Amino acid sequence: MDIFAKIKHFFVAGEQEKTTVKEPEKNEHPSLEHTIRQFENSMDFIHRTYPHCKVDVIYLAFLVGNDQLLQEIIQPFTDADEEQVKTVLSRSQYVVVVDSKECINGILNGKAAVFFRGSTYLVDIAKPAGRSIEQSETETVISGPHDGFVENIGQNLGVLRQRLKSSHLKFIKLEVGEVAKNVVVIAYIEGLANQEIVDELIRRIQRIEYNAVTDSNMLIQFIDENPNSIFPQFMTTERPDAIVSKLVAGRVAGFVDGSPSGFTCPTAFFDFFSSPDDYYQRWLIGTALRVLRFIGFLITISFTAFYVSVTTYHYEMIPHTMLLNLTESRAKVPFPPLLEALLMETTIELLREAGARLPTKVGQTIGIVGGIVIGQAAVQAGFTSNILIIAVATSAIASFVIPSYIMSASIRLIRFGLIIMAGILGNLGLLMAIGMVVIHLAGVTNMGTSYLTPLAPINFKDMLDTYIRGPFWALRSRPTITKTSNKKINKMRK
């Protein structure tokens with residue numbers, strides 16, 4: 001082994017020693033001593049002993065409820081003899097465990113481990129924690145349901161069951177995390193979802209090797225086919241009705257315990273421009289709103305970049321009457337259009353981020369007052385032209401039209417690249433940048449499906465629910481992105 005290999009081995013071994021947590025061997029029988037060692041030096045670790053009946057109970061205080069503890073532990077064992085203990089442990093809520101890892105995981109999930117005569121039992125005394133179901137603050141709608149997911153995965157799956165009353169709705173439970181294990185549930189409708197996609201999603205989740213995965217938006221980054229792409233490849237939502245619509249369309253959904261959002265796949269680029277509102281209104285109104293979002297998308301990525309291109313290289317494209325006003329507006333500006341646009345776009349992003357991080361009322365005030373004051377002061381001081389202020393403000397407003405926040409953030413970042421290319425090469429640079437974005441999108445896949453479906457490959461039937469929101473009588477078939485036959489729908493109806 002050469003010197004470089006020895007150095008690498010030393011650092012790798014040191015990192016493993018720091019991060020590796022000693023866990024019991026699989027199928028090792030749970031013992032009281034080993035379980036105590038796993039949780040020692042923790043303030044919420046409780047070890048109750050009942051020497052008169054030879055019972056030991058272990059649980060974590062912060063995860064259990066007082067009523068459940070009194071009913072299942074304190075009252076049955078306080079004055080019981082050994083024969084009475086046998087009767088208590090024979091009840092259905094006391095489950096025998098023979099695997100030490102299962103015992104540890106049960107305690108971490110709010111259960112109590114009961115040790116009696118060499119046998120170990122788990123009883124559920126967990127206290128339901130979390131907020132009540134309420135409206136999502138990030139995905140508001142004018143019409144339609146107003147409930148949203150919460151951080152408790154049990155509540156989320158219950159809401160899903162209430163909305164989608166079908167025996168074909170299946171849940172598959174998985175676990176992720178090397179140090180802190182967390183529950184992940186895959187949901188799909190048997191007979192509608194493509195089983196190959198379900199199996200592939202399960203395989204990707206099982207291959208995750210990371211200390212802890214605590215949120216759906218974190219999980220999907222591990223299972224992306226294109227992790228270096230700026231565009232999101234999985235649709236995430238906090239709305240149960242949005243998940244139900246995807247499941248009925250033959251897609252697969254996933255939930256992470258502790259996360260208020262679920263994700264669906266496979267997903268195409270154009271799915272991020274649809275909103276649940278589209279289906280709760282007349283189809284003509286829904287179509288108009290969806291077309292408006294696509295117009296907003298084109299404005300937000302190109303308006304400021306086009307301003308930079310025209311004012312830098314292509315004055316001949318500006319009408320004569322407007323050219324005089326533009327020349328007068330830019331007469332006092334000391335910066336070239338490229339630097340001027342980048343400064344204003346950065347300022348808008350700073351105001352947006354400040355408004356999002358501050359408390360709601362303060363954030364709204366900062367956004368409105370800051371935008372007006374800074375914009376007006378910048379024009380009067382000669383740092384920027386008033387026409388650029390209009391272009392930047394229009395681009396910022398257009399970005400808010402996109403329903404998906406993660407897609408909106410990606411598009412805002414792309415805008416900076418288009419502005420730079422337009423400032424360097426003019427309209428040619430702008431077209432080249434847009435071409436590179438389209439080429440990149442054409443190469444992105446999600447669960448083995450094209451990201452630009454139904455544009456590439458072209459499918460005119462799917463376009464009835466992509467660029468427009470067609471009438472319901474025309475939307476009886478599922479999208480081709482699911483890779484399943486629509487004949488299965490007729491079998492399930494029978």
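Remember, predicted model here, so these are calculated numbers, not experimental data. Values below: every heavy atom of this structure, side chains too, minus hydrogens, waters and symmetry copies.
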Pair Lys101, Asp99 - check salt bridge (Lys or Arg N to Asp or Glu O under 4.0 Å), show working. CA-CA 6 Å; Lys101 293 186 70 173; Asp99 186 0; over 6 Å; no
For Arg290 and Asp277: C-alpha separation, side-chain torsions, deciding distance, then whether salt bridge (Lys or Arg N to Asp or Glu O under 4.0 Å) applies. CA-CA 10 Å; Arg290 193 169 291 184; Asp277 262 339; over 6 Å; no
Should Arg282 and Ile285 be marked as a side chain to side chain contact (heavy atoms under 4.5 Å, CB included) after you check the CA-CA gap, both sets of side-chain angles, and the distance that decides it? CA-CA 5 Å; Arg282 307 289 292 179; Ile285 299 176; 4.2 Å; yes
Before giving the answer on side chain to side chain contact (heavy atoms under 4.5 Å, CB included), spell out for Leu201 and Ile223 the whole-Å C-alpha distance, their side-chain angles and the decisive distance to 0.1 Å. CA-CA 8 Å; Leu201 181 60; Ile223 58 179; 3.7 Å; yes
Pair Arg415-Thr300, side-chain hydrogen bond (donor to acceptor under 3.5 Å, both in side chains): steps then yes or no: CA-CA 7 Å; Arg415 189 167 62 208; Thr300 191; 2.7 Å; yes
Give the C-alpha distance, both sets of side-chain angles, the deciding distance and a yes or no for side-chain hydrogen bond (donor to acceptor under 3.5 Å, both in side chains) between Glu225 and Thr445. CA-CA 7 Å; Glu225 295 177 27; Thr445 57; 2.4 Å; yes
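The shortest distance between side-chain heavy atoms of Ile197 and Pro266 falls below 4.5 Å. Arg293 places none of its side-chain heavy atoms less than 4.5 Å from the side chain of Ile402.
In this structure, Glu316 places its CD atom where more than 12 heavy-atom neighbours from other residues, nucleotides or ligands lie under 6.0 Å away. Remark: Phe472 CZ is packed, more than 12 non-hydrogen atoms of other residues, nucleotides or ligands lying under 6.0 Å away.
Ring geometry for Phe231 against Tyr451 counts as tilted: the plane angle lies between 30° and 60°, on a 0 to 90° scale.
Take Ala396 and apply the side-chain contact (heavy atoms from CB on, under 4.5 Å) test, not counting sequence neighbours, and it matches Ile348, Arg352. For Arg207, the salt bridge (Lys or Arg N to Asp or Glu O under 4.0 Å) criterion is met by no residue, not counting sequence neighbours. Scored by the salt bridge (Lys or Arg N to Asp or Glu O under 4.0 Å) test, Glu102 finds no partners at all (sequence neighbours excluded). By the ring pair (Phe, Tyr, Trp, His ring centres under 6.0 Å) test, Phe297 pairs with Phe269, Phe273, sequence neighbours left out. Applying the salt bridge (Lys or Arg N to Asp or Glu O under 4.0 Å) rule to Asp271 yields the partners Arg251; only residues at least two apart in sequence or on another chain are considered. Judged as a side-chain contact (heavy atoms from CB on, under 4.5 Å), and not counting sequence neighbours, Ala393 has no contacts. In terms of the side-chain contact (heavy atoms from CB on, under 4.5 Å) criterion, residue partners of Leu428 (sequence neighbours excluded) are, by chain and number, Met432. Under the side-chain contact (heavy atoms from CB on, under 4.5 Å) criterion, Gln68 pairs with Ile125, Pro128, sequence neighbours left out. With sequence neighbours left out, the salt bridge (Lys or Arg N to Asp or Glu O under 4.0 Å) criterion links Arg163 to Asp147.
Pairs passing the ring-ring contact (aromatic ring centres under 6.0 Å, His included) check and including a residue from residues 171-216, sequence neighbours excluded, read Tyr210-Phe222. Sorted by first and then second residue, the side chain to side chain donor-acceptor pair (under 3.5 Å) pairs with a member in residues 418-437 read Ser309-Asn427; sequence neighbours excluded. The stretch residues 138-158 participates, sequence neighbours left out, in these ring-ring contact (aromatic ring centres under 6.0 Å, His included) pairs: Phe149-Phe255.
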